[in-house]
There are 2 protein chains.
Amino acid sequence: MSSLLPVSNTALDRRALKHVQVREYVRGLVSGAAPGSPAPSERELVQQFGVARMTVRQAMDALVADGLLERIPGRGTFVARPKRSASRITGYTEEMTRRGMLAESQTLLARREHAGPGVARALGLTEGDSVIHWRRLRRADGVPMCIEDAYLNEILLPGFLQGGMPTSLYDLLTSRGLRPTWVEDSVSADRATAEEASLLEIEPQGIVMRHSRRALAREKIVEVSRGVFRADRFTLWVQLGQED
Amino acid sequence: MSSLLPVSNTALDRRALKHVQVREYVRGLVSGAAPGSPAPSERELVQQFGVARMTVRQAMDALVADGLLERIPGRGTFVARPKRSASRITGYTEEMTRRGMLAESQTLLARREHAGPGVARALGLTEGDSVIHWRRLRRADGVPMCIEDAYLNEILLPGFLQGGMPTSLYDLLTSRGLRPTWVEDSVSADRATAEEASLLEIEPQGIVMRHSRRALAREKIVEVSRGVFRADRFTLWVQLGQED
DNA sequence: TAGTGGTCTAGACCACTAT
DNA sequence: TAGTGGTCTAGACCACTAG
């Protein structure tokens with residue numbers, strides 16, 4: 001089904017596990033291939049790599065579990081068409097960029113505070129513990145879009161306030177290995193307060209969407225935030241996927 | 001680690017695959033067990049079932065992939081603590097019940113219509129195709145909460161309008177094997193129209209949240225809906241999870 | 001040291017698909 | 001009939017953990 005390569009091209013590297021080598025070899029073949037195109041058969045890979053079939057199956061199992069390959073009994077193994085997936089967990093900058101808008105932020109406040117009861121509970125800390133409070137006015141294509149208050153667990157982010165504030169919190173969290181892998185969001189609709197209306201440049205009592213988020217990375221709460229969005233310029237989109 | 005059972009208690013049923021039998025046996029042991037408690041060791045199961053170790057590993061691999069078990073090299077296999085997962089895909093009835101409220105619905109309209117351009121595109125049909133249009137006023141604990149317009153692909157739901165309308169659309173879809181496994185939602189905030197305000201029993205121009213959904217089952221669009229929620233009584237909650 | 005999971009071998013038979 | 005993936009065997013050696 002696929003052209004046989006000389007063994008020298010797929011020679012085993014003694015330092016790596018065999019099933020990993022087979023897996024990564026097949027992943028390379030498959031990445032970029034059109035959905036439905038055939039992968040090498042298991043017995044073909046047994047020949048190429050000189051390993052047992054169970055070893056090849058272990059490699060292929062991983063790729064099938066990843067959704068890259070699809071097995072069809074009696075026919076072969078094929079490149080799977082990408083499955084519809086759930087929304088990626090993003091912050092404001094990434095989300096607006098994805099929508100083709102220019103994301104800008106203006107820091108209104110960035111300091112260490114003692115956690116009040118609400119923030120402490122949300123961050124899983126004790127009242128009075130040190131937290132980072134970062135308030136920004138966030139624009140999209142130059143127009144005010146959102147006022148965001150983020151509270152961060154300072155223990156997880158030492159030196160955060162010294163480092164010069166980044167544009168994207170999520171980029172920074174990613175670089176520290178703390179990109180959220182689970183979030184709980186709530187969204188409601190309300191009228192803006194006078195201060196909010198002024199900052200967002202909307203009419204007094206104008207409609208806003210209030211967004212709250214608790215974000216976890218490595219089973220720890222790294223971010224708690226509240227965002228107030230102009231309802232006339234913001235629609236929330238969410239995709240949800242479920243197995244079976 | 002676990003008490004040995006007489007072989008007769010775990011005798012092999014010739015009609016079922018061995019790895020499935022081992023898997024379901026272990027699943028039974030594990031369900032309800034406290035996180036962290038040990039599962040039988042692989043070699044123990046080899047003895048009990050009289051199968052090869054690779055067969056036991058195949059069974060355990062499935063449970064590990066399901067997130068029920070966790071392997072710790074050198075120590076054993078243990079009941080994993082449940083991982084935080086994404087929101088379950090639900091309809092109104094299920095969601096309100098989950099929140100501890102009584103969900104009731106009043107059908108305002110249920111009929112076959114010819115799809116307009118918007119609905120046709122959303123359902124992946126051609127303009128003029130037959131669709132089911134179902135409009136309901138939905139209450140929670142007796143109070144109006146939402147006006148929902150659902151459009152359904154009639155080809156996927158033959159005889160739908162004849163069957164007596166159910167309370168829960170998602171229960172019906174589930175029973176027909178068409179429970180959505182992927183949805184795309186959008187949520188925005190707005191002022192109610194006069195008709196909406198009247199039905200929802202809120203002040204004219206009161207604030208509402210507009211929710212739209214496209215729902216897929218078996219790679220086909222089964223439901224397209226729009227809901228208008230009273231903003232004073234409804235907050236949207238979403239959990240999102242991501243691997244790594 | 002005994003027990004665990006991780007990896008790997010070299011076969012085997014089956015049901016199924018395509019030619 | 002030849003090839004495929006699905007299942008299964010009966011061993012083996014390794015690194016690691018715990019008493």
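Lettering follows sequence order; numbering is per chain, from 1.
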Checklist entry - Is dC16(D) paired to anything, Watson-Crick or G-U wobble with both distances less than 3.5 Å, and if yes, which nucleotide? => result dG3(C)
Checklist outcome for this item: From CD1 of I72(A) across to P of dA18(C) the rounded distance in Å is 9 Å
Checklist entry - Under 4.0 Å between a side-chain N or O of T55(A) and OP1 or OP2 of dT9(C)? => result yes
Next on the checklist: Please determine whether a side-chain nitrogen or oxygen atom of T77(A) lies at a distance below 4.0 Å from atom OP1 or OP2 of dG5(D).
Outcome noted: yes
Checklist entry - What is the distance from CD of E42(A) to C1' of dG3(D), rounded to the nearest Å? => result 12 Å
Checklist entry - Between dG5(C) atom P and L69(B) atom CG, what is the distance in whole Å? => result 10 Å
Next on the checklist: If I take atom NE2 in residue H19(B) and atom P in nucleotide dC8(D), what distance separates them, rounded to the nearest angstrom?
Outcome noted: 6 Å
Item to check | Atom pair distance, as rounded to whole Å: CD in Q58(B) and C1' in dG6(C) | outcome: 16 Å
Checklist entry - Hey, does the side chain of S41(B) reach the backbone of E44(B) with a donor-acceptor pair shorter than 3.5 angstrom? => result yes
Item to check | Any donor-acceptor N/O pair under 3.5 Å between dG5(C) base and R43(B) side chain | outcome: yes
Checklist entry - Counting just side-chain N and O atoms, does R53(A) come under 4.0 Å of either OP1 or OP2 of dG11(C)? => result no
Next on the checklist: I want to know whether Y170(B) and Y92(B) have ring centres closer than 6.0 Å.
Outcome noted: no
Checklist entry - Roughly how many Å is it from CE in M54(A) to P in dA12(C), rounded to a whole number? => result 16 Å
Checklist entry - Going through the checks in order, is the salt bridge (Lys or Arg N to Asp or Glu O under 4.0 Å) test met by D149(B) and R226(B)? => result CA-CA 5 Å; D149(B) 284 285; R226(B) 283 192 287 266; 5.6 Å; no
Checklist entry - At under 4.0 Å, does any side-chain N or O of S41(B) touch on OP1 or OP2 of dT4(C)? => result yes
Next on the checklist: I'd like to know whether the aromatic ring centres of W134(A) and Y151(A) sit less than 6.0 Å apart in this structure.
Outcome noted: no
Checklist entry - CD of Q47(B) versus C1' of dA10(D): gap in Å, rounded? => result 13 Å
